[in-house]
Student: 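Have a look at the structure that comes next, please.
Remember, predicted model here, so these are calculated numbers, not experimental data. Below, read A as the first sequence line, B as the second, and so on, with proteins coming before strands; counting in each chain starts at 1.
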Amino acid sequence: MPIGYILTVGTFTGIFMILTVSLNVLTGYAKQVSLGHAAFFAIGAYASAILTVKFGLSFWAALPCVVGITTLVGVFLGLPSLRVSHDFLVLSTIGLNFIVGSVFRYFSFFGGSMGIVGIPMPEFFGHPLGTAGFFGLTLLFVILTILTSFYFSRTWGRLAMEAFGEDEVAAKAMGINVAKFKIYAFAISSAYAGIAGALWAHYVGSVFPDNFGFDRSIDILAMLVLGGMGTIRGAVFGALVLQMLPEGLRVIQNYRMLVSGGILALMILFQPMGLLGRGSFLVKGFERLRGRLVSHEAEDMP
Amino acid sequence: MSLLVTEGLTKDFGGLRAVDGVNLVVGEGEIHGIIGPNGAGKTTVFNLITGYLKPTRGKIHFRGRRIDGLEPHRVVSLGIARTFQIVRPFTDLSVLQNVLVAWGHRNYYGLGPFKPFGPAKRKALEILEFVGLAERAYVGAAALPIGLQRRLEIARAIALEPKLVLLDEPAAGLTEEEITRLKELVLRIVASGMTVALVEHRMTFVMDICQLITVLDRGKVIAEGTPSQVASDPEVIEAYLGAGEGEGDA
Amino acid sequence: MLEVEGLVVGYGKIAALMGVDLEVGEGELVAIIGANGAGKSTILAAIAGLRPVHGGAIRFRGRRIEGLPSWSRVRLGLALVPEGGRVFPDLSVEKNLRLGAFTVREPKQHLELVFSLFPVLQERRRQRVGTLSGGERQMLAIGRALMADPQLLLVDEVSMGLMPKLVPEVLETFRRLRDERGMSVLLAEQNAREALAVVDRGYVLKNGQVALHGSAEELRADPQVKQAYLGA
Amino acid sequence: EGNIKIGLFVPLTGFAAADGHSALVGAQIAVDLINAAGGINGRMVELVYYDDAARADQASAIARKLIEQDQVVIGISGSYSTPTRAAAAIFQQAGVPMISAYAIHPSIIETGHLIFRVGMGAPVEGIAGGHLAVEKLGAHRIAILSMDNDFGVSLSEYFKQTVLGLGAEIVFEKRYSLGESEFREVLSSIRGANPDLIWATAYYAGAANIVSQARELGITATILGQEGYDSPKFIELAGEAAEGVIIVTDLNRDSERPVVQQFLAEFQARAGIPADMVGASAFDAVKVAAYALAQVGTDPEDIAAAINGIRHMDDVVTGPFYAFLGREAIRPVEVQIVQGGAFHFFHTYTDPTIIIPPGL
Amino acid sequence: MAVLQQLIFALVLGATYGLIAVGLTMVYGILKILHVAHAGIYALGAYIALSVLQHLTPNFWGALAIAMLTTGLAGVLIYRGVYYYTLRRSRIVPLIVSIGIFTAMNELFRLVAGPYQHSFPAKPGLPTLITPYFVITSKQLLILILTAAFLIALYLILNRTKVGLAWQACSQDLEMAGAMGVNVDWAVALNFFLGSALAGAAGVLMALYRNMVYPTMGHVVAYKAFVVVVLGGFGSVRGCILAGLLLGVVETFLGSLEWFEFPRDAIAFLVLILVLMFRPKGLFGRL
Ligand SMILES: Nc1ncnc2c1ncn2[C@@H]1O[C@H](COP(=O)(O)OP(=O)(O)OP(=O)(O)O)[C@@H](O)[C@H]1O
Ligand SMILES: Nc1ncnc2c1ncn2[C@@H]1O[C@H](COP(=O)(O)OP(=O)(O)OP(=O)(O)O)[C@@H](O)[C@H]1O
Ligand SMILES: [Mg+2]
Ligand SMILES: [Mg+2]
């Protein structure tokens with residue numbers, strides 16, 4: 001059994017689950033479609049790398065700072081969304097990938113193009129975590145992310161986001177301060193992504209500007225949409241499928257990206273709501289199995 | 001006592017003066033009608049009051065407080081709710097959730113956004129009961145026919161617990177029977193302590209229910225008074241009601 | 001001119017129309033009245049080709065059209081004023097009108113007709129339609145349909161958003177066009193009082209089925225209709 | 001006991017696919033040649049390879065897979081610095097040796113005592129380039145254009161130190177980002193600075209753009225490149241403009257050593273294009289691995305010792321290797337010039353002060 | 001003199017941006033789809049032209065024509081085979097599908113034609129203009145002339161024909177456009193055909209200009225073209241051209257400064273975000 005391999009793949013899958021769940025707040029609830037999520041991911045990774053390598057903090061001491069930093073940066077990078085909407089916003093968020101990447105490359109404080117290496121494994125009671133331990137840590141954060149995000153899905157904040165996500169004009173008439181909630185969405189989403197970034201950096205042990213490019217952002221969004229935007233189960237499942245698919249297709253080596261690109265397109269074509277989105281095959285089948293009425297489903301789905 | 005007062009309210013769109021020095025007084029507890037030809041500026045007045053547009057000139061006072069220039073959500077928090085002429089329900093949400101969004105307006109400050117909304121469902125259902133949409137609570141709002149979407153808009157407005165409700169053409173697209181029910185609804189809203197100002201073209205509705213009517217034409221107030229005063233005003237008949245209309249309809 | 005037979009239309013699994021029969025003769029003005037959600041809009045949309053038909057037949061001047069795409073129905077002489085107008089918000093008034101006349105070779109004279117009916121549209125030729133007032137949009141929607149010089153005009157809620165003065169004027173124009181050009185009109189209308197005053201015949205729709213039909217006088221005299229739709 | 005498994009990770013998909021493909025072909029040629037000659041002490045060599053798409057996380061996962069599932073005795077990186085660095089950590093931790101073919105980030109071999117590199121380090125290439133520019137080509141006014149990644153930046157750093165030390169002047173210096181293909185505006189500024197030599201770091205596609213656009217602008221200064229240029233594709237893409245370009249590399253195509261000519265022919269046959277530096281490096285990495293395996297068997301520490309013990313290994317394309325010092329291959333630096341549409345011998349540096357990386 | 005020459009570079013660069021983006025802006029304009037696969041079509045154009053040149057005829061114009069025809073059809077195929085089924089869906093659906101198609105196309109190019117860059121053996125047969133103040137090479141001249149020609153033709157189609165009006169209607173409300181008598185299927189297909197053919201032409205021209213055809217050549221285009229489209233105000237052809245030129249000038253100017261080392265793409269996005277702060281709907285979008 002290649003257990004280390006499985007745990008490694010599992011760890012990265014977990015990290016991507018955190019990312020998709022975090023993107024779900026921004027894109028699934030608040031409908032601010034972002035193709036720049038890897039930028040927040042990158043900021044988390046770099047923040048943790050710099051705090052641990054340059055300032056000698058431990059992973060655990062750095063983590064709250066990382067969350068703080070990414071939240072703040074989320075607020076800042078969310079500002080354009082106050083002026084710009086829809087496809088204009090999508091394109092601006094693409095820009096975040098390039099701008100953030102360039103900043104890391106340009107300033108030697110961030111290691112420039114030589115990156116930052118020698119990022120330590122987190123320690124647990126004085127012992128550095130091994131592969132299994134790190135997997136456990138990741139799992140813990142995945143569960144925390146899912147639980148907190150599940151709680152959030154039942155709050156007024158989520159409802160407000162869904163409302164202005166669909167119609168800002170009407171949402172204002174409901175007393176919703178759209179600008180504030182947009183920033184909330186960016187900040188929350190970015191904070192989670194920061195944790196994912198920190199995990200990634202400490203697991204891989206090095207960060208380079210090109211680790212977190214535009215194609216990463218695309219992956220994250222594709223995972224969310226494939227799984228089912230607006231649902232946490234969908235976000236988690238999408239990350240699982242799209243992370244495993246190319247990994248599972250290794251047997252066909254050369255053709256794997258062709259096939260997984262094609263499969264992605266087909267799956268979304270046939271299940272536009274996402275594999276586990278509202279009204280998808282799987283969900284409907286599941287509901288039928290439980291013999292539940294549609295109206296009840298509507299009730300517990302805010 | 002006057003709840004809402006506008007002074008010389010004016011709005012220009014490029015070269016077009018859509019609202020021109022309107023002085024409007026809406027008294028507490030009244031049902032105030034605003035009528036006038038298409039393009040007279042009625043919806044624009046509502047947009048100015050609710051903060052969607054900034055006046056070019058003029059002031060708006062609500063309960064003695066200047067509110068012109070405030071953001072829409074601030075206006076809501078001060079106690080003014082509105083509906084839209086072209087309905088805008090949140091179609092991805094269920095009818096119940098639509099009302100919840102409005103009912104939650106007190107929770108959109110401070111730590112409120114991080115409180116669960118579950119406990120408020122009962123209250124939202126009560127409001128739906130009040131407007132007669134209770135049995136459709138779990139349906140997606142998109143599937144409602146136009147008339148019921150109008151009702152949903154009213155439900156949301158009530159859920160905001162405002163002092164003043166602005167209704168923009170609430171009777172458009174309703175049958176006479178439904179208009180009768182709408183009248184009842186509006187009367188109940190007023191009875192529960194709110195004030196209503198409405199824009200409407202269906203005279204059967206306006207004449208019956210309003211205590212006071214302001215008539216706008218080309219952005220200016222051309223008449224004001226009780227329904228019968230207004231309906232017999234020759235200028236109003238000429239500009240708006242047309243021959244043979246008006247009185248007969250009321 | 002138009003015959004609808006056993007029309008069945010649904011939204012997903014919910015049937016909105018369950019076997020509707022209906023007819024519009026050459027040069028006839030016909031109204032469909034009914035409560036909210038009765039299915040009036042659905043009928044018109046199905047005739048215009050905007051909703052797929054699940055059963056039944058639609059014949060226009062003897063020809064089955066229920067399988068045709070909407071644009072070829074326009075070429076046959078159908079035009080629709082859809083519910084809520086659905087004008088093109090980012091185009092100017094003038095472009096909207098030109099689009100209404102997309103299938104027509106000589107749109108000039110129709111333009112004059114529309115402008116004389118709704119002078120405000122002429123004033124606002126260059127205004128972006130998204131900024132028009134509700135009533136102005138409705139005028140534009142009606143004008144746009146008239147630009148196509150249709151044989152059969154389908155109108156979903158003429159009166160919605162129009163000021164009282166205009167409603168009879170518009171209906172009067174329909175009558176005039178019928179007299180001058182033999183245009184037929186099928187109206188769906190909540191405002192039954194105004195509608196029944198001008199049309200020749202009417203259908204009362206309930207829950208996706210025709211509950212009652214007859215001449216305008218007959219319907220006006222019907223106690224049920226009086227109670228529910230005329231506010232007597 | 002079955003085959004000896006050598007693991008390889010290469011970017012077969014994504015932006016680095018061309019280099020990955022070359023590296024794979026190079027490694028396969030080496031394995032086939034070894035097997036055709038009877039394998040390693042009678043055991044056949046099996047190459048297990050996976051695509052890492054030049055991504056660090058995929059490389060980490062693959063490294064585990066190679067080690068645990070495929071039980072390779074040694075790993076080869078045919079990939080870029082970022083994935084190689086990530087994988088190196090895992091090989092070192094698992095106690096399996098790894099050889100980086102052409103990824104040159106300094107931190108790769110610093111990962112641990114089991115991690116080696118055959119590719120020529122950036123310091124050596126930069127220093128050799130500096131000597132070449134000033135001493136051999138007589139440049140006084142030098143412009144530097146650097147590709148903004150670990151490779152390009154460290155090359156230029158050492159080059160700059162060297163030429164400044166030798167008394168030349170830097171008249172222009174700028175970085176550009178990887179993947180750039182429009183250089184006209186920078187080159188215009190460079191022309192304004194009037195250098196007599198341009199040191200431009202690039203991979204071959206970018207190099208082709210730089211060189212042809214420079215010539216289009218009428219810049220006649222010598223253009224000095226590095227092993228990134230070292231692909232016949234560079235000459236094909238740059239066409240006429242490539243003539244006279246000089247590069248510092250580790251591959252001497254005019255070498256008469258049989259292994260070089262055999263490799264060049266075989267690569268052309270398999271890949272459909274003439275061989276490049278990436279393919280040659282991967283070939284050599286496999287050769288070094290096989291050499292160590294043949295000497296000492298499959299024990300990791302023994303393998304490491306055997307590689308460190310290499311003295312004058314002639315059986316490699318980018319060699320001969322004089323030694324492994326600090327887990328890096330020490331060999332002569334080749335200087336090639338493009339003439340008549342092909343790379344040709346121009347000069348060789350064997351001076352130890354140049355070919356041994358600084359600090360060793 | 002140097003300034004004039006730099007302006008020429010800016011112009012050519014801007015023209016290539018404009019040309020690449022204009023097809024995209026058309027396609028975006030009509031269905032509001034973020035058509036990432038457009039960049040795949042661009043690369044397809046280059047590959048088709050390359051194989052025509054290698055196997056059929058050495059004539060550049062023939063290769064260009066065949067490439068445009070093929071890419072036009074490929075565009076229609078993507079519309080009818082894929083986007084057609086996503087029209088009623090949330091707009092993020094076609095975006096992701098498009099990304100999937102784009103990935104698959106890139107991989108297909110790599111598998112069929114190999115991962116390496118191919119040179120592009122064509123001679124446009126135009127002179128090189130040499131004046132005392134600036135030089136325009138024959139390839140640059142070709143790009144300027146063809147871009148201008150394509151754009152003028154497109155401008156006329158858009159503003160002088162019924163097709164243009166039909167497209168405007170389709171872009172706002174497909175269903176209502178049909179109800180106006182516009183043959184929506186044809187209108188959209190024609191739009192995709194022309195837009196994709198322009199992308200194909202852009203691919204061929206860039207292959208010629210850079211003398212390079214390779215599987216990932218569409219990557220930069222995939223986002224860069226969007227920057228131009230957005231800067232211009234989605235769906236505006238005029239805006240697209242001007243935005244392309246603006247970007248060409250800004251990039252060239254900043255790129256020529258020795259101390260300014262921010263990469264071209266980051267510059268482009270900074271310009272984009274900056275412009276959107278002041279004009280949230282792009283330079284020529286309606287506010
Ligand atoms: N943004 C704008 N730009 C230009 N003109 C505008 C704009 N918004 C509104 N108008 C014009 O201002 C006038 C007043 O519009 P408003 O919507 O207030 O009318 P209304 O009284 O509500 O009419 P209706 O009864 O038809 O709804 C109209 O003629 C409209 O065309
Ligand atoms: N998009 C939709 N999805 C699901 N159901 C729908 C949809 N549109 C309409 N319906 C249903 O179809 C039925 C008929 O609707 P339709 O709009 O034709 O009624 P109508 O008579 O025109 O009503 P109104 O007077 O409100 O315009 C209604 O019960 C409505 O709920
Ligand atoms: Mg209005
Ligand atoms: Mg209707």
Student: Hey, is CZ on A:F76 packed in by over 12 heavy atoms from elsewhere, all under 6.0 Å?
Tutor: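 Not more than 12 within 6.0 Å, no.
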Student: Of the backbone (N, CA, C, O) and the side chain (C-beta and beyond), which part of E:L111 lies under 4.5 Å from a heavy atom of chain A, both, or neither?
Tutor: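 E:L111 touches chain A through side-chain heavy atoms alone.
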Student: Given that the side chain runs from C-beta out, which part of A:I218 has a heavy atom under 4.5 Å from chain E: side chain, backbone, both or neither?
Tutor: side chain
Student: When heavy-atom pairs shorter than 4.5 Å are enumerated against chain A, which of E:V36, E:V229, E:I99, E:I92 gives the highest number?
Tutor: E:I92
Student: Rounded to the nearest 0.5 Å, how far does CG of A:L35 lie from CG of E:L95?
Tutor: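 Interatomic distance, E:L95 CG to A:L35 CG, rounded to 0.5 Å: 5.5 Å.
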Student: Which value, rounded to the nearest 0.5 Å, describes the distance between E:F262 atom CZ and A:F98 atom CZ?
Tutor: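 The CZ atom of A:F98 is 13.0 Å from CZ of E:F262, to the nearest 0.5 Å.
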Student: Out of A:L89, A:L264, A:V100, A:V103, return the one with the most heavy atom pairs under 4.5 angstrom to chain E.
Tutor: A:L264
Student: Checking an interface table here. Which of residues 220-230 of chain A come within a heavy-atom distance under 4.5 Å of chain E?
Tutor: A:L221, A:A222, A:V225, A:M229
Student: Taking every non-hydrogen pair under 4.5 Å, which of E:V93, E:L108, E:V82 racks up the most with chain A?
Tutor: E:V93
Student: Could you pull out every donor-acceptor pair under 3.5 Å between chain A and chain E?
Tutor:
{"from": "A:R83", "atom 1": "NE", "to": "E:M277", "atom 2": "O", "distance (Å)": "2.7"}
{"from": "A:R83", "atom 1": "NH2", "to": "E:M277", "atom 2": "O", "distance (Å)": "2.8"}
{"from": "A:R83", "atom 1": "NH2", "to": "E:F278", "atom 2": "O", "distance (Å)": "3.4"}
{"from": "A:D87", "atom 1": "OD1", "to": "E:R91", "atom 2": "NH2", "distance (Å)": "2.7"}
{"from": "A:D87", "atom 1": "OD2", "to": "E:Y28", "atom 2": "OH", "distance (Å)": "2.2"}
{"from": "A:D87", "atom 1": "OD2", "to": "E:R91", "atom 2": "NH2", "distance (Å)": "2.3"}
{"from": "A:N254", "atom 1": "O", "to": "E:R110", "atom 2": "NH2", "distance (Å)": "2.9"}
{"from": "A:N254", "atom 1": "OD1", "to": "E:R110", "atom 2": "NH1", "distance (Å)": "2.8"}
{"from": "A:N254", "atom 1": "OD1", "to": "E:R110", "atom 2": "NH2", "distance (Å)": "3.2"}

Student: Nearest 0.5 Å please: distance from the CZ atom of A:F88 over to the CG atom of E:L231.
Tutor: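 Rounded to the nearest 0.5 Å, the CZ-CG separation comes out at 10.0 Å.
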Student: Mind checking the CD1-CG spacing from E:I273 to A:L96? Nearest 0.5 Å is all I need.
Tutor: 5.5 Å
Student: Drop me the distance from A:L91's CG to E:L276's CG, to the nearest 0.5 angstrom.
Tutor: 8.5 Å
Student: Given the rule in the side chain to side chain contact (heavy atoms under 4.5 Å, CB included) test, do A:I94 and E:F226 qualify, once you have shown the distances and angles that lead to the verdict?
Tutor: CA-CA 10 Å; A:I94 293 181; E:F226 274 113; 5.6 Å; no
